[in-house]
Amino acid sequence: MNKFSPSKLLNSKWTAVQPQNKEKHFLVTKVRFDETGRIVECRIEAAFSRKEYEIDWVDLKDHEKWIQGWK
């Protein structure tokens, strides 16, 4: 399990364990919190294609899907 603080998620770098469409490296470009401090939106951008995807931020904790940093 990847451990990180949701408050430090913005601009963090991630590597997909199973790359698709030659997209392996990603940067978190948007994190939106509600009034209670919970994450309600998380967007990542592919470094190669610059495409943005909305993801469930909890998926980033799964080390079988994501590796923290660019590897």
Side-chain angles (χ1 to χ4, degrees):
M1 177 178 255
N2 294 317
K3 295 182 181 181
F4 58 89
S5 171
S7 64
K8 301 204 181 213
L9 193 55
L10 187 61
N11 296 321
S12 61
K13 297 175 181 176
W14 295 87
T15 301
V17 173
Q18 300 279 328
Q20 295 180 3
N21 300 325
K22 297 182 182 179
E23 295 176 334
K24 180 177 180 177
H25 297 111
F26 294 86
L27 179 70
V28 177
T29 58
K30 184 174 184 179
V31 179
R32 193 166 54 95
F33 297 89
D34 66 7
E35 56 277 342
T36 63
R38 298 177 103 164
I39 295 177
V40 294
E41 181 181 7
C42 181
R43 288 191 178 266
I44 58 173
E45 179 181 290
F48 181 70
S49 67
R50 301 287 187 219
K51 290 182 182 176
E52 283 195 351
Y53 303 94
E54 188 167 339
I55 64 165
D56 183 0
W57 74 276
V58 178
D59 288 343
L60 295 173
K61 290 184 174 186
D62 187 352
H63 69 276
E64 293 180 9
K65 293 181 183 179
W66 295 98
I67 300 170
Q68 198 167 10
W70 287 351
K71 309 283 187 226

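Reckoned from all heavy atoms, side chains included, excluding hydrogens, waters and symmetry mates.
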Q | Qualifying residues under side-chain contact (heavy atoms from CB on, under 4.5 Å), relative to T36, sequence neighbours excluded | A |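 Only D34, R38 meet the side-chain contact (heavy atoms from CB on, under 4.5 Å) criterion with T36.
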
(Q) My understanding is that only residues two or more places apart in sequence, or in another chain, count here; which of them pass side-chain contact (heavy atoms from CB on, under 4.5 Å) with R50? (A)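 E45.
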
Q | Pairwise salt bridge (charged side-chain N to carboxylate O under 4.0 Å, His left out) hits with a residue in residues 2-14, at least two apart | A |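 Checked against salt bridge (charged side-chain N to carboxylate O under 4.0 Å, His left out) - neighbours excluded - no pair reaches residues 2-14.
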
Q.
By the salt bridge (charged side-chain N to carboxylate O under 4.0 Å, His left out) test, which pairs, at least two apart or in different chains, include something from residues 14-32?
A.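 The answer is K30-E41, R32-E41.
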
(Q) Can you tell me if Q18 has over 12 outside heavy atoms packed within less than 6.0 Å of its CD? (A)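 No - once you tally the heavy atoms of other residues, nucleotides and ligands closer than 6.0 Å, there are 12 at most.
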
Q. Linking I/L/V/M/F/W/Y whenever their side-chain heavy atoms sit closer than 4.5 Å, directly or via other members, would I55 and L10 fall into one cluster?
A.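 Per the 4.5 Å side-chain linkage, I55 and L10 are co-clustered.
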
Q. Hey, quick one: are Y53 and V58 part of the same hydrophobic cluster, counting side-chain heavy atoms closer than 4.5 Å, chains of contacts allowed?
A.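 Per the 4.5 Å side-chain linkage, Y53 and V58 are co-clustered.
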
Q) Other than L27, which residues form its hydrophobic cluster under the rule that side-chain heavy atoms must be closer than 4.5 Å? A)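 None; L27 is a cluster of one.
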
Q: Share the residues that join I67 in a hydrophobic cluster, the rule being Ile, Leu, Val, Met, Phe, Trp or Tyr side chains under 4.5 Å apart at the heavy-atom level.
A: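 Other cluster members: V17.
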
Q) Taking C-beta and beyond as the side chain, do S49 and N21 meet within less than 4.5 Å on heavy atoms? A)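 Sidechains of N21 and S49: no contact.
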
Heavy atoms only: give me the nearest [X]-[Y] pair and the separation to one decimal.
X   : Y   : answer
C42 : V28 : SG-CG1, 4.1 Å
K71 : T15 : N-OG1, 2.9 Å
N2  : L60 : ND2-O, 2.9 Å
S5  : S7  : OG-OG, 2.8 Å

Q: Mind checking the CG-NZ spacing from D59 to K65? Nearest 0.5 Å is all I need.
A: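 Interatomic distance, D59 CG to K65 NZ, rounded to 0.5 Å: 4.0 Å.
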
(Q) Taking salt bridge (charged side-chain N to carboxylate O under 4.0 Å, His left out) as the definition, give me every residue that meets it alongside E35, ordered by chain and number, with sequence neighbours left out. (A)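 Once residues adjacent in sequence are excluded, E35 has no partner under the salt bridge (charged side-chain N to carboxylate O under 4.0 Å, His left out) criterion.
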
Q. Which residue pairs pass the ring pair (Phe, Tyr, Trp, His ring centres under 6.0 Å) test with at least one member in residues 4-27, sequence neighbours excluded?
A.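 Those involving residues 4-27 are F4-W14, H25-W70, F26-W66.
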
